[in-house]
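Computed from a prediction, not measured in an experiment: that's the story for all the values here.
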Protein chains: 2
Amino acid sequence: MAAGTKPLRADAARNRDKLLAAATQVFGERGMNAPLEEIARRAGVSIGTLYNHFPTRDALFEAIFPDRLAALDRVIDSALADPDPWHGLVSFLEGLFALQAQDRGLNDAVAAQWRLTAEASAACTRGFEQAGQIIERAKRSGRLRPDFEPQDLVTLVWAVSQVIRESIDTAPDTWRRCLDLFLDGLRAPESSTT
Amino acid sequence: MAAGTKPLRADAARNRDKLLAAATQVFGERGMNAPLEEIARRAGVSIGTLYNHFPTRDALFEAIFPDRLAALDRVIDSALADPDPWHGLVSFLEGLFALQAQDRGLNDAVAAQWRLTAEASAACTRGFEQAGQIIERAKRSGRLRPDFEPQDLVTLVWAVSQVIRESIDTAPDTWRRCLDLFLDGLRAPESSTT
DNA sequence: AGAGAATTTGAGGATACCCTCAAGTTGAGG
DNA sequence: CCTCAACTTGAGGGTATCCTCAAATTCTCT
């Protein structure tokens, strides 16, 4: 992509790919704090090689982040394309949480602190802005309570992420129930237009 | 309390108390995974002494648990005594979460997995049953949605505990907002009596 | 006070994970 | 095929925490 990207040697490129695949797996299974040695082991390379390619845990995590963001983008686009703004919001939330439920690493990242650098962070900001549009649209339609703020979305994400963490192994649908309860609290009280 | 409790030597009893006080502090500040050596240090005893009195982290945690439960009992009693069942439920939830917000250890315990042994666990069960009464009462009053189950309370606790964890240092009122949104989803839809 | 049991102590071994770097291996161009 | 820069390797030092145990201390009782 950028200008300064030197072409990797063939074996190095192969190892990098194996590392990305392993990281996707391991972060997905064990969350953001999974031991890096496990990732190296599963990629079939030494820990040193992992550090060659990705000097920090965050660098590795960010390298696999774009994929997740792409999935999220699809969710956002489809939500914005929904003719029914309320339904758009609902499907956005369901899509977002379904992604988190599939991926502990993403769930952790999103739950704990999107402390990501530059690029990834910018992408997050963009996603957050688009989410703001979804919210705004639903508010204008009169179906979302007017006092719902984007910050409430962050809170909701925190909340549901923990529900996912605790229940995903034993009762994987719990987060849907939680979201339903929340959504019932998000509907606008009475009338439809001002 | 029990029959087999040997009387402790004076210094041992003093140390035990200091350890309990330190544990309360440290678990409260740093959560359930706070280093035990920090507790020993703050109690002014050696790590060995800590292990003499409490062979495991859980033993120590459970030793300070009754106090929290007592506080919770007060919250529950006051909720059950409230003439307005809905208001009772609300004050129960607010009281519970306020306790969690004051104490990271309690918040962790309640959030993650109440993996406590025997006694403490039984007390939890009792508390949970009383919570069931609060729920039942609110349902019968027609103000709480009839499909709300005690399991939903667990989910709610998970959810809010994470909100507390993430926001307590920067925006300590966030959990109240979260609870408000939830509560709006918990009200019964329309009519009041069947 | 003196004896003996109860209690404390803290150095140190064990574990888990982090990260580095000197030495060895390998791919790519000549 | 040969060379050398690129890449890989994994032992090992660092940190943080856990937990143990033999020796030292302190309480209690007579």
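Judged purely by atom type and a 3.5 angstrom limit, B/D82 has no side-chain atom pairing as donor or acceptor with the backbone of B/P85.
Put simply, CZ on A/F54 is 18 Å from C1' on C/dC18, counting in whole angstrom units. Atom pair A/E38:CD and C/dT15:P shows a separation of 19 Å (rounding to whole Å applied). In this structure, the CD atom of A/E37 is 9 Å from the C1' atom of C/dA16, given to the nearest Å. Put simply, CZ on B/R57 is 14 Å from P on D/dT20, counting in whole angstrom units. Note: CZ (B/R41) to P (C/dG10) measures 14 Å, nearest angstrom. Rounding to whole angstrom units, CD1 of residue B/I39 and C1' of D/dC19 are separated by 15 Å. Rounded to whole angstrom, the span from the OH atom of B/Y51 across to the P atom of C/dA11 amounts to 16 Å. Counting to the nearest Å, the P atom of D/dG10 and the CG atom of A/N52 are 13 Å from each other.
When the nearest nucleotides of DNA chain C are assigned to A/R30 and B/A13 by heavy-atom distance, the more 5′-ward of the two goes with B/A13. With DNA chain D read from its 5' end, the first of the two nearest nucleotides for A/I47 and B/L36 is the one closest to A/I47.
Annotation: side chain of B/R42 is in contact with side chain of B/Q25 (closest heavy-atom distance under 4.5 Å).
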Audit row: A/E129, A/R126, salt bridge (charged side-chain N to carboxylate O under 4.0 Å, His left out) steps and yes/no: CA-CA 5 Å; A/E129 274 160 13; A/R126 198 169 45 80; over 6 Å; no
For B/D184 and A/R187, what are the C-alpha separation, side-chain angles and deciding distance, and is it a salt bridge (charged side-chain N to carboxylate O under 4.0 Å, His left out)? CA-CA 9 Å; B/D184 286 343; A/R187 291 201 174 82; over 6 Å; no
Which letters describe nucleotides 25-30 of chain C, given B = protein heavy atom under 4.0 Å from base, S = only from sugar-phosphate, - = neither? -BSS--
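Classification of B/R104 and B/D169 as a salt-bridged pair holds, one side-chain N sitting under 4.0 Å from a carboxylate O. The existence of a salt bridge linking A/R145 and A/D152 is excluded, since no basic side-chain nitrogen approaches an acidic carboxylate oxygen closer than 4.0 Å.
Contact annotation: B/S46 side-chain N/O to C/dG10 OP1/OP2 distance is not under 4.0 Å. Dashed line: the shortest gap from a side-chain N or O of B/N15 to OP1 or OP2 of C/dT7 is not under 4.0 Å. For A/H53, no side-chain nitrogen or oxygen approaches OP1 or OP2 of D/dC7 to under 4.0 Å.
Residue A/V26 is grouped with residue A/L99 when hydrophobic side chains (ILVMFWY) are merged at heavy-atom distances under 4.5 angstrom, including chains of intermediate members.
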